[in-house]
Amino acid sequence: MAKPMERISARLRATRDLTPDVRLFEIEPDRPLVNVTPGSHIDVLVPTDGRPQLRSYSLLGPYTDGLYRIAVKRLASSRGGSAGMWRLKVGERLTIFEPRNSFELSYGRPDYLLLAGGIGITPIYAMALALNQANANFRLLYAAHSRRDLALADELTTYVGERLQLFVGEEGQRIDIGSEIAQLDTRGELYVCGPFGMLETAKQLWSQAGRPTAHLRYETFGNTGGFADAPFKIRIPRLSLEIDVPAHRSMLEALEDAGVDMIFGCRRGECGLCVLPILEASAEVDHRDVFFSGEERAMNSKVCTCVSRAASGCVTIDTPDRTPDQRHSSKVS
Amino acid sequence: MNAPKPFPLNAWYATAWSHEIARELSARTICGKNVVLYRRLDGAVAALEDACWHRLLPLSLGHLKGDDVRCGYHGLVFNSAGRCSYMPAQKTINPSACVRAYPVAERHRLVWLWPGDPALADPAKIPDFHWNDGKQWVGEGGTFYQLKCDYRLVIDNLMDLTHETYVHAGSIGDEAITAAPFEVTHTGNTATMTRWMIDIEPPPFWGRQLARPGRVDRWQIVTFQAPSVVVGDVGVALTHTGAPQGDRSQGVSGAFLAAISPETETTCHYFWNFVRNYRKDDAQLTSELQRAHVYGGAGVYDQDHRVLEAQQAAIANNPRSPFYDLNIDAGALWARRLIDRMLADEQAPVSANVAAE
């Protein structure tokens with residue numbers, strides 16, 4: 001039921017490499033930006049080899065000069081989005097969509113813990129600046145694999161000083177999320193953006209600490225999981241279909257490409273509308289959604305097709321299509 | 001792009017009397033934002049966007065459950081910070097599910113709400129309305145909810161009291177008002193209209209309040225606090241007893257209080273009170289004064305109510321550029337200038353953060 005998004009044409013005004021594989025893009029919309037709050041993202045229609053693909057990127061604050069700033073990491077296992085972004089030249093025209101916020105920052109809490117892993121710093125960066133300006137009580141813990149991967153660390157040090165603590169994985173530094181949660185005021189909120197494992201750990205420790213679920217805030221675009229993106233096959237016996245899912249397409253997109261009637265909502269693994277039953281899986285299913293509970297995920301009986309995928313091999317699934325005498329007309333590979 | 005609204009959002013607006021917000025859900029619209037208000041178990045007031053995240057049913061049609069609100073349609077639950085804490089028929093909660101929580105604060109027997117950027121909501125910016133506290137000054141006011149006029153028409157009305165002569169003849173109206181000179185001053189966020197009427201016959205209302213024979217000096221010192229609060233220091237004292245120089249001991253002082261909150265572009269909620277610092281324990285006088293202002297259409301504010309709604313209807317029917325200004329409108333024009341300045345500041349790019357990159 002989401003409202004249709006409004007397209008905005010824009011121009012790539014400048015780029016700057018923040019790390020060897022994180023690039024800052026300054027996007028100038030043709031009409032002035034409105035209503036941008038910390039945690040907001042924009043969707044960008046990213047040109048790729050095939051058809052343009054829609055990708056969501058968090059906006060970096062501060063939002064004072066009418067430009068949208070995003071930071072994009074070039075991923076080896078890219079679904080096409082990051083490579084497409086990195087090929088863009090300054091001055092090129094782009095289609096973007098108006099900012100939305102599904103990772104809203106609450107003001108007025110007594111204490112905040114911000115947790116960022118790698119490129120997950122992008123929404124957290126805007127939040128840290130906003131909380132700093134509001135004189136809020138907060139700490140920002142920011143982890144990356146190597147020191148040079150810590151994009152925006154210098155800017156953050158300048159703005160928030162000692163509220164920032166950096167962790168470098170290859171130097172053996174780890175965030176002790178459990179003890180950090182224990183130190184947080186009981187009425188405090190935790191905001192997490194980082195790799196799937198970091199979020200999973202945070203969710204588990206938060207729940208073990210008996211903290212209210214509503215005070216753990218996170219956002220997911222479902223673009224990372226336990227395995228790298230790889231091609232695999234879907235079989236749907238009911239429709240006599242076998243569909244190839246390329247590395248850069250989601251299961252849902254591949255099903256739609258093949259003409260399978262699908263319903264969906266958020267397309268980022270939250271709402272559960274695109275869920276289908278798994279009949280059989282030859283390889284591990286990489287559940288990247290936040291709709292299923294840990295228990296439900298362990299049962300492996302259903303899959304959230306917008307974000308989850310198989311590590312390889314083939315997944316056999318069913319659809320709710322009960323049209324009599326169905327022999328699917330589209331191409332069977 | 002929508003035309004800019006005539007009200008700043010980054011401001012505190014009176015939204016309810018404190019006694020009106022209890023352990024039940026109350027709906028209000030402030031600056032076009034639908035809000036549901038209630039009192040938490042710890043006594044603090046909470047204000048949420050009055051639309052369920054899921055299907056937009058007003059949450060005010062749901063139920064209060066502890067400190068949380070349960071939607072009356074599918075049972076989603078939101079806590080007082082607007083976070084969803086329950087979803088039906090699933091084991092998890094969509095992380096993006098929330099409704100807006102508005103900053104609210106209680107002060108001066110009113111609940112004030114900040115409809116704009118919550119990062120900027122500083123309780124120190126709540127207008128000075130201490131006359132309404134019920135301590136040094138006493139009085140029982142009320143609210144014209146959903147008054148059918150642009151809130152600025154009420155401000156115009158209060159910043160120029162020459163209208164008393166014509167709208168409120170027989171009570172507080174008097175030809176002396178139109179005859180006396182006035183002075184208008186302003187600061188960065190206030191405008192003040194001062195008028196002294198020296199050595200006049202007291203108008204009927206003030207004659208009764210003073211209850212002493214003789215001619216009087218009458219004052220009206222009306223201060224606007226941007227964007228929508230007006231406080232009028234009014235009264236009379238026996239003439240030649242030094243009131244203009246600051247000695248009001250031979251007189252009676254009152255204050256009319258107005259917090260006017262835009263509901264939409266053409267409707268507003270007018271929170272009013274008339275307070276006094278004499279005969280403070282006289283409950284009968286308190287209710288007489290309340291009835292003098294609002295009483296089934298016969299009070300002085302009932303008279304304003306009719307004029308204001310008729311004026312708004314005329315504006316809507318008349319495409320001619322709103323209206324002409326006279327010298328008497330100086331106070332109102334300064335008030336509007338201060339509102340316009342707040343609006344212009346808000347048109348600048350939205351910024352939760354000031355630091356430049």
Side-chain angles (χ1 to χ4, degrees), chain A residues 1 31-39 60-67 69 100-109 126-134 136 155 158-159 189 192 199 203 212-220 265-266 268-272 289-296, chain B residues 1-2 4 9 42 44 46-49 52-56 66-68 76-105 114 116-124 346-357:
Chain A
M1 280 287 287
R31 54 188 174 76
L33 98 179
V34 284
N35 209 21
V36 182
T37 49
L60 292 169
Y63 318 108
T64 45
D65 55 6
L67 297 177
R69 288 188 178 78
R100 297 233 166 154
N101 197 338
S102 46
F103 194 22
E104 198 84 57
L105 176 66
S106 292
Y107 288 92
R109 313 304 298 180
M127 291 180 176
L129 264 53
L131 289 174
N132 193 54
Q133 204 207 343
E155 289 87 341
T158 309
Y159 290 137
E189 287 188 341
V192 186
L199 176 60
K203 279 162 85 172
T213 315
H215 291 180
L216 168 62
R217 312 303 314 161
Y218 58 93
E219 180 176 48
T220 170
C266 65
R268 56 168 185 267
E270 288 191 24
C271 71
D289 63 277
V290 294
F291 171 72
F292 292 121
S293 68
E295 266 172 19
E296 289 170 322
Chain B
M1 296 284 286
N2 297 331
L9 293 177
D42 67 2
L48 300 178
E49 177 184 356
C52 181
W53 175 85
H54 172 222
R55 282 291 197 262
L56 299 179
D67 281 348
D68 302 343
L76 277 80
V77 176
F78 298 89
N79 69 18
S80 62
R83 303 298 188 183
C84 183
S85 59
Y86 171 80
M87 281 188 175
Q90 61 185 67
K91 295 223 159 50
T92 56
I93 295 168
N94 298 26
S96 59
C98 64
V99 295
R100 263 191 88 171
Y102 290 94
V104 272
W114 180 277
D117 181 350
L120 305 176
D122 177 359
E346 280 188 16
Q347 304 305 317
V350 183
S351 62
N353 316 294
V354 166
E357 223 175 17

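Values reported hereafter were calculated over all heavy atoms of this structure, with side chains retained and with hydrogens, waters and symmetry mates removed. Letters A, B, ... are given to chains in the order of the sequence lines, protein chains preceding strands, and every chain is numbered from 1.
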- Message: Is there a side-chain contact between Pro95(B) and Phe103(A) in this structure, where contact means two heavy atoms from C-beta onward sitting under 4.5 Å apart?
- Response: no
- Kindly compute the distance separating CG (Leu76(B)) from CG (Asn94(B)), expressed to the nearest 0.5 Å. 8.5 Å
- Between Arg109(A), Arg217(A), Glu104(A), Glu295(A), which residue shows the highest count of heavy-atom pairs closer than 4.5 Å to chain B? Arg217(A)
- Task: Could you tell me which portion of Leu216(A) (side chain, backbone, both or neither) has an atom closer than 4.5 angstrom to a non-hydrogen atom of chain B?
- Result: neither
- So, Asn132(A) side chain and Tyr159(A) main chain: donor-acceptor pair closer than 3.5 Å or not? yes
- Task: Please look at Cys98(B) and chain A and tell me whether the side chain, the backbone, both or neither of the residue comes under 4.5 angstrom of a heavy atom of that chain.
- Result: side chain
- If you take all heavy atoms of Arg69(A) and Pro62(A), which pair is closest and at what distance? NH1-O, 4.3 Å
- Given that the side chain runs from C-beta out, which part of Ala121(B) has a heavy atom under 4.5 Å from chain A: side chain, backbone, both or neither? neither
- Message: Looking at chain A, which one of Pro103(B), Ser96(B), Ala81(B) has the largest number of heavy-atom pairs inside 4.5 Å, strictly under?
- Response: Ser96(B)
- Item | Atom of Tyr86(B), atom of Ile93(B) and distance for their closest heavy-atom approach | N-CD1, 3.8 Å
